[in-house]
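Scroll down for the structure; my scribbles are underneath it.
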2 protein chains.
Amino acid sequence: MSEHDIFVKSVNRNTLSKQVIEQIVQLLASGQVKPGDKLPPEMELMEKLGVSRPVLREALSSLETMGVITRKTRGGTYFNDKIGSEPFSVMLALSIDNLPAIIEARMALELGLVTIAAEKITDEQLEQLKETIDMIADSEDDNYGVYDKRFHKIIALSANNPVVEGMIFSLLITHEKMDRLIRTRDREITVEHHLAIYHALKKRDPYEAFEQMYRHLSFVREKLLSYEQQWLENTTVLTSDPM
Amino acid sequence: MSEHDIFVKSVNRNTLSKQVIEQIVQLLASGQVKPGDKLPPEMELMEKLGVSRPVLREALSSLETMGVITRKTRGGTYFNDKIGSEPFSVMLALSIDNLPAIIEARMALELGLVTIAAEKITDEQLEQLKETIDMIADSEDDNYGVYDKRFHKIIALSANNPVVEGMIFSLLITHEKMDRLIRTRDREITVEHHLAIYHALKKRDPYEAFEQMYRHLSFVREKLLSYEQQWLENTTVLTSDPM
DNA sequence: TATATTATGATTGTAAGACAAATTCGAACG
DNA sequence: CGTTCGAATTTGTCTTACAATCATAATATA
């Protein structure tokens, strides 16, 4: 408990609303309330915490945008079951113009992830992976982006780690944007890469899983960045030193 | 611009304050304002955005806890230079009881990171890495945790990626907690591992960098988890099915 | 003139009260 | 027993007011 304090305290400066945030977070961290539980109505919380309504609402607003709680008019306030992705979305919104950074971040995470996955993936999940590969191989047109995404999602889930999930899922949001960027798909290459990763995972070999994923993501990255490059060349870009 | 909209819109439900959050974030994302810029005073923002002060303040409060802006009484409101870590800290505060998950997340990220680092690290940063290793090797007592942390921090920075930085820095916050968990340090092993990573990075060999980092982090993880295990065994734990 | 000191006022922080909107819940009615 | 309508609870928004802080400028002092 005391160790949590110094951890969270470092964020706090002063301001009542921040103290309220901390108190509510501690309520969860200390296990006094469980995810899904309902919070008391604002009026009641005001009294218990001894703060005014604006202060309380500022705190609740912060907690909501961070995905800790959900509020419904008249319905009350509830602690969320899963916390993780929301806070990230703001950061990504700010970095969305920096596509290379996002691609790289995804690459870094997935590279590490596949290693963990090699240790923890279940047979059932392996089966699901195989299915997505078959779907891509059997697809007639080039609209297999869904299965591509699912492939990576299964690997993310196999790590069975809420922290990692929160990070990777937010990054996968950008998958659609990347999808739109791709003009010519390479089904054969994708299938081959995915299969190689699949087999490495099946062997539970973290090193080979890494190598295959690295090969795959390097290929994807090259491709995306080349498109990005073309896109930049064909677009008027505002720089600090326009010519 | 329109593409950003659909991305951020998915987060927004209704509520004025959320719309205000989005507008201010877009201000940054679209490059109309730069990090470090000062925001207009609240009174002015109220008029421009056409909302009341509580609503505006709820939005600003959210943005502040997410580390997008900083407010000082009387000093005004400023956009932060670096955004990334703060939002995470709450999530970590909630996951802090789940140490294995955090360790694993750190492991996954750093594994991917070192691969990127192998491609992008500068000679200067390599030199800095070497220094931390020497510091550890030359340290008399076992309090070289600072240099251990710096070692990993340099690698994180070498990726030169704001998104990754935001993630890894928040995870490194837990480094202190882990430090406290460690009772017997293994200086020789640490130095050897760090050196191996350093040499791999110097060779710009992503595969070897990965392998060495994997070896290192696996060792650290085993150690931490065994401590965690002992700690759990000596502690009364509340489970959903107490015996 | 330069420096220190004070005082003003702008800006964020907190509080209280009121009304609006929405939706859940219950009561009345068929 | 089911349906519909109304009322009350809870969140959402606005207005006003005051407190606290401290940046800046005006003032006084060397």
Side-chain angles (χ1 to χ4, degrees), chain A residues 8-25 27-28 33 35-81 83 86, chain B residues 8-25 27-28 33 35-81 83 86:
Chain A
V8 179
K9 283 273 169 54
S10 64
V11 174
N12 290 80
R13 282 280 165 264
N14 29 8
T15 97
L16 278 178
S17 64
K18 287 194 176 182
Q19 294 176 30
V20 172
I21 291 177
E22 183 184 341
Q23 289 201 45
I24 296 182
V25 167
L27 233 58
L28 258 179
V33 298
D37 281 3
K38 183 175 183 174
L39 275 86
E42 294 182 355
M43 291 302 182
E44 211 169 309
L45 274 177
M46 284 173 56
E47 293 177 3
K48 284 186 180 175
L49 298 172
V51 296
S52 71
R53 192 139 173 260
V55 168
L56 175 65
R57 284 187 59 80
E58 282 177 25
L60 292 178
S61 174
S62 295
L63 289 171
E64 190 179 23
T65 62
M66 287 193 294
V68 176
I69 62 174
T70 303
R71 294 193 283 181
K72 268 183 282 187
T73 42
R74 161 65 188 160
T77 309
Y78 293 84
F79 286 103
N80 282 340
D81 295 321
I83 28 113
E86 268 93 332
Chain B
V8 178
K9 283 274 167 57
S10 65
V11 173
N12 289 81
R13 283 279 165 264
N14 29 9
T15 99
L16 277 178
S17 64
K18 286 194 177 182
Q19 294 176 29
V20 171
I21 290 177
E22 183 184 341
Q23 290 202 43
I24 295 182
V25 167
L27 233 59
L28 257 180
V33 298
D37 281 2
K38 183 175 184 174
L39 275 85
E42 294 182 356
M43 291 301 182
E44 210 169 311
L45 275 177
M46 285 173 55
E47 292 177 3
K48 284 186 180 176
L49 298 171
V51 296
S52 71
R53 192 139 172 261
V55 168
L56 175 64
R57 284 188 59 79
E58 281 178 25
L60 293 178
S61 175
S62 295
L63 290 171
E64 189 179 24
T65 62
M66 287 193 293
V68 177
I69 63 174
T70 302
R71 294 194 282 182
K72 269 183 282 187
T73 41
R74 160 67 193 167
T77 309
Y78 293 84
F79 286 103
N80 282 341
D81 294 321
I83 29 105
E86 270 92 333

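Each chain gets a letter, A, B and so on, in the order the sequences are listed, and its residues count up from 1.
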Worksheet entry | Whether B:Thr70 side chain and B:Asn80 backbone form a donor-acceptor pair below 3.5 Å | no

Fill in: Sidechain-backbone polar pair: A:Ser62 side chain, B:Ser61 backbone, donor-acceptor under 3.5 Å
yes

Practice prompt. Check A:Pro40 against A:Leu45 and note the closest heavy-atom contact, atom names and distance.
Written response: O-CD1, 3.6 Å

Would you kindly give the [atom1]-to-[atom2] distance between [X] and [N], to the nearest whole Å?
X	N	atom1	atom2	answer
B:Leu49	D:dC14	CG	C1'	15 Å
A:Ile69	D:dG12	CD1	C1'	14 Å
A:Leu56	D:dT13	CG	C1'	15 Å
B:Glu58	D:dC14	CD	P	10 Å
A:Met43	D:dT11	CE	P	9 Å
A:Leu60	D:dG12	CG	P	9 Å
A:Glu47	C:dA16	CD	P	12 Å
A:Glu42	C:dC19	CD	P	18 Å

Given [N], is OP1 or OP2 found less than 4.0 Å from the side-chain N or O atoms of [X]?
X	N	answer
B:Thr77	C:dT12	yes
B:Arg71	C:dG13	yes
B:Arg57	C:dG13	yes

Worksheet item: Using a cut-off of 4.0 Å on non-hydrogen atoms, how would the nucleic acid contact of B:Leu16 be classed: base, sugar-phosphate, or nothing?
Response: sugar-phosphate

Discussion item. Reading DNA chain C from 5' onward, which residue's closest nucleotide shows up sooner: A:Gly50 or B:Pro41?
Written reply: B:Pro41

When rounded to the nearest 0.5 angstrom, what distance separates [atom1] in [X] from [atom2] in [Y]?
X	Y	atom1	atom2	result
B:Thr77	B:Ile69	OG1	CD1	5.5 Å
B:Ile24	B:Leu60	CD1	CG	5.0 Å
B:Glu64	A:Glu58	CD	CD	9.5 Å

Discussion item. According to salt bridge (Lys or Arg N to Asp or Glu O under 4.0 Å), who are the partners of A:Arg74, at least two apart in sequence or on a separate chain?
Written reply: none

Worksheet item: When you check every protein heavy atom under 4.0 Å of nucleotides 15-26 of chain D, what one-letter string (B, S, -) results, 5' to 3'?
Response: B-B---BBB---

